[in-house]
Amino acid sequence: MFAWTWSPHARPILVFARYLGGSHRPLRHLLALVLLLCLALAWSGSAHAQVQQGPAGLASGLKSVTVGLGHACALTNGGAVYCWGSNSSGQLGDGTTTQRTTPVAVSGLPGGVIEVAAGAYHTCARTNNSVYCWGENTYGQLGDDSNIQRNTPVAVPGLNEPVYALAAGIQHTCAMANGETFCWGRNGDGQLGDRFTDDQDTPRAVYRLPFGALNLAAGWGHSCAAITPSSNTQIYCWGKNDRGQLGDGTTTQRLEFVQVSTQTGAARSLAAGDLHTCVVNGAGTMSCWGYNSDGQLGDGTTTQRNTPTVVASGMKAAAVGLGHTCALTSAGAVFCTGRNNAGQLGDGSGVDRSALVAVPDLSDVQSLDAGGFGTCAVTALGGGYCWGSNGSGQLGDGTTTTSLSPVSVIAAMAPTGVQAVAGDSAVTVSWAPPPSNHGTISSYTVTARAGPAVGSCTITAPTTACTINGLTNGTAHTFTVKATNDLGSSDESSGVTATPQVITQPALPLPGGGNASVTIGGGTPGCTIASAQFDNNVPAGAPARATFPHGVFRFEATGCAGATLAVSITYPTALATGVQLLKHGPKTAGGASEWFTPTTVSISADRKTVNYTVTDNGEGDSDTTVGTIRDPFAPMLVVPGAPTVPRNVQAVAGDGAVAVSWTAPASDNDSAIQSYTVTASPGSPARTCTIAAPATTCKVDGLSNGTTYTFTVKALNGVGESDSSAGVTATPQVMTRPSLPLPSGGNASVTIGGGTPGCTIASAQFDNNVPAGAPARATFPHGVFRFEATGCAGATLAVSITYPTALATGVQLLKHGPKTAGGASEWFTPTTVSISADRKTVNYTVTDNGEGDSDTTVGTIRDPFAPVLLPAPPVGATSIPTLSEWGLLWMSLLAAAMGMWTVRRRSV
């Protein structure tokens, strides 16, 4: 192979293996060379049959590539290995011997592969701990202690881990394991470095080679190693040297290693071809030595060099083929020199070169390798490109056509059968998987173009449909699909066009004349309008007195699974103020159909355009089939009417009054209720009360106590008055206790008026339980009257007590309770108390939480009252005289004067 790859220490490992060669006798050498040249010519195919275009697309996901005599293999970033090209000896590792023109996965490799090396008809791969090989094994080059061809990988025994470097020659292999270099396979030229020329089918240590070879190269009949014991690198080579390929200044075969040169810094790359060798040192200087008949050393001559000759600077790696050399610059450009009969230099000319020439249309390269008559590169983006001979499909582009310039390695075939279905601002694209995957397809990417790329979507395999949103309605787009696997992305599929758009009905006839314009957006791709029209077929359940001045709009859409359609209707004239914008269908998913106002409805400022939405199997969709939407909609104008009657009328009687309550009518018939009127009958004129809505209670005053009245209620709106409600009866009256026993005997009659409706007497009685604080010597000839009334919030009760006999002259009419609201309870004369001329009837008032109410609870009144008699003084008793204020003053002054006179006299 002729390939370099990066070591774990970031040191490129150049591997060069492409030779059928080496026997113990010169004649065998000559025959092998002739055979190889014949095979090479056969593999080169039609070298100049077609000049391919430069890279048109990028694969992705590759890390490095290695090139054999008629096949190539790639290592992915994920540690997987794919191969393509000739497979006559099972060198592709797919379990067959079938030639492949596009990559196939190597079967049975463990994960974690970090380097791959290709020989003439065999391939090897290494992990950190092991080496695996497959393909031809005639000389033991697979290292499995046999000479049996292997169509899938087998482990190489006897290598101590870790494994740091790997190289495959034409029919031998080398690796550095645990610091020591081992080789196995063909050894006719001493290329195994073990001091012998016997073939070996298991690894043999290179005799006395210093430890630490991190760069190995294997050519036709020779091998090399780069060892960096300190700051600089020593290059050692061994094996065949007839063309100076060992670089020791001679053409003498070496069965043990010889030191070639000292290179500045740690070697970046080491590569061995059939008869020449190249190295790139730590400073980026590239040197080559050996056979140069085709200009493969790149020094501008065709002169053989038996010692290293500086070729170029600024290089990162070198790759060597059978008669050509390529170099990778630090900037990622590729240059080649030497034989170009199959286009292996990639400059598009097919002309041999003795100095490096640039490979055009290839940049940002990170990995490079050269083989028999071809070259491959991997870009920083992971794209694989090959050029040169392609008779066995070793370029990996799906053909066997030789290319004089780089072509893209096909990661996967392009998807087929691409179809596109348009929707609103979106298109769904579907496709069939590629006919050949070249590995497991991980994802697909759809690109939409209208000129430049304007949108894309990526979906995980095995799904084969994807929707691109955000496209411009009315613009035709072309859609292509790429498949991606471990190797990268395929070429784009054939394009298909589709035009996203809203669904438009520009002129639908209205039942009342004229046309309306309708657009329906939001449709998913494949969502179509099956029908759309205006008619007078009004669904059941419309409100009474409803009119439909523009009929009912209805449409049916199919193929709209999960879609939310945005409907816009433009009427020829403005919709009337007060029109209701209603839909018919389930208000919530799965609900019964009804007329309702959509949550998303709106109307334009000129009142001509209505907008609303309807969701598949959501609000307003009258069809339960998934993906089918039916949607009756109408601007509804309801003619208002008088309200229905008030309900649940109730009446509570009071003194000369009745409070009436009710609940609002079941319907205001589309005109707001303004007021209610309560009528009491009989009466002439009838007693009424009117109250503004929304109040629903009213008190009718001026009624005759003891008369039973029937009360009805009417509601009034802007249209008119409702019928009368059902009647309810109540009898206003005072609260009467016609015969309450007196403690002293006999009965008193009590009436209590002024009670508000609902105010009732809980208790009323006369007793001798006199509240504290009565005047001294007071007597209560008729005891104390007390009552409790409830439900009397704010009421002022008028109390009238008629005693059986006239009250004595001089009796005091006293109440017990707070004299003022919130005051302490005491006995006092009510401000409103009076007595009749015959002195039998006493009248007074008491107000809830006012004068004399002994209960602070709102609406509850307690009222102790009594005629109190104070006895006269005994006959002959005289009152003790008292002094006025002025008398007391004069007495004080006189006492003070007498005191002063007494003090003065004692002092004398």
Side-chain angles (χ1 to χ4, degrees), residues 1-6 12-16 51-60 62-67 72 74 268-271 273 276 278-280 284-288 294-299 311-340 342-390 394-397 402-409:
M1 86 163 233
F2 319 93
W4 69 270
T5 58
W6 294 105
I13 299 175
L14 259 297
V15 198
F16 189 57
V51 178
Q52 303 262 344
Q53 296 292 326
L58 287 177
S60 60
L62 301 187
K63 179 180 180 182
S64 63
V65 65
T66 180
V67 184
R268 296 181 179 181
S269 172
L270 181 64
H276 73 293
C278 293
V279 66
V280 176
T285 300
M286 176 174 161
S287 300
C288 294
D294 296 308
Q296 55 261 53
L297 300 188
D299 64 350
V311 176
S313 61
M315 296 300 166
K316 180 179 179 182
V320 180
L322 280 181
H324 74 289
T325 302
C326 291
L328 172 62
T329 72
S330 298
V334 177
F335 291 81
C336 295
T337 184
R339 185 183 303 171
N340 200 18
Q344 54 264 56
L345 304 189
D347 66 347
S349 70
V351 176
D352 293 352
R353 307 285 185 178
S354 61
L356 293 169
V357 292
V359 177
D361 299 322
L362 192 62
S363 61
D364 205 18
V365 172
Q366 70 170 4
S367 174
L368 180 71
D369 195 31
F373 297 94
T375 312
C376 292
V378 174
T379 68
L381 293 177
Y385 297 92
C386 295
W387 56 95
S389 177
N390 197 26
Q394 58 263 49
L395 300 188
D397 67 346
T402 290
S403 178
L404 305 185
S405 57
V407 293
S408 177
V409 176

Mark yes or no for whether Ser405, through its side chain, and Gly348, through its backbone, hold a donor-acceptor pair below 3.5 Å.
no
Roughly how far, to the nearest 0.5 Å, is the CD atom of Gln366 from the CG atom of Leu62?
9.0 Å
Which heavy atom in Leu368 sits nearest to a heavy atom in Ala377, and how many Å separate them?
CD1-CB, 4.0 Å
Reported CG-to-SG distance for the pair Leu356 and Cys326, which is rounded to 0.5 angstrom:
8.5 Å
Can you name the nearest heavy-atom pair linking Val359 to Cys336, along with the distance?
CG2-SG, 3.9 Å
Backbone of Val409 reached by a side-chain donor or acceptor of Asp397 within 3.5 Å:
no
Sequence neighbours left out, what passes side chain to side chain donor-acceptor pair (under 3.5 Å) with Gln344? Give chain and number order.
Asn341
Quick check for you: to the nearest 0.5 Å, what is the distance between Gln394 atom CD and Ser389 atom OG?
4.5 Å
Nearest-0.5 Å distance that lies between atom CG in Leu322 and atom CD in Gln296
10.0 Å
Identify the two heavy atoms, one from Gly388 and one from Thr402, that lie closest to each other, and give their separation to 0.1 Å.
O-CG2, 3.2 Å
So, the side chain of Thr337 versus the backbone of Ala355: is there a donor-acceptor pair under 3.5 Å, distance only?
yes
Test side-chain contact (heavy atoms from CB on, under 4.5 Å) applied to Ser354 - qualifying residues, sequence neighbours left out
none
Ignoring hydrogens, what is the shortest heavy-atom contact between Ala72 and Cys376? Give both atom names and the distance.
CB-SG, 4.5 Å
Taking side chain as C-beta onward, heavy atoms only, is Trp387 less than 4.5 Å from Leu362?
yes
What I'd like to find out is whether the side chain of Ser349 reaches to under 4.5 Å of the side chain of Asn340, using heavy atoms alone.
yes
Counterpart residues, salt bridge (charged side-chain N to carboxylate O under 4.0 Å, His left out), relative to Asp294 (two or more places apart):
Arg339
Looking only at heavy atoms, what is the nearest atom pair of Asn390 and Gly396, with distance?
OD1-N, 4.4 Å
How many angstroms lie between OG1 in Thr375 and CG in Leu345, if you round to the nearest 0.5 Å?
7.0 Å
Test item: Cys278 and Val311 side chains (from C-beta on) under 4.5 Å apart, heavy atoms
no
Value for CE (Met286) from OG1 (Thr325), rounded to nearest 0.5 Å, stands at 5.5 Å
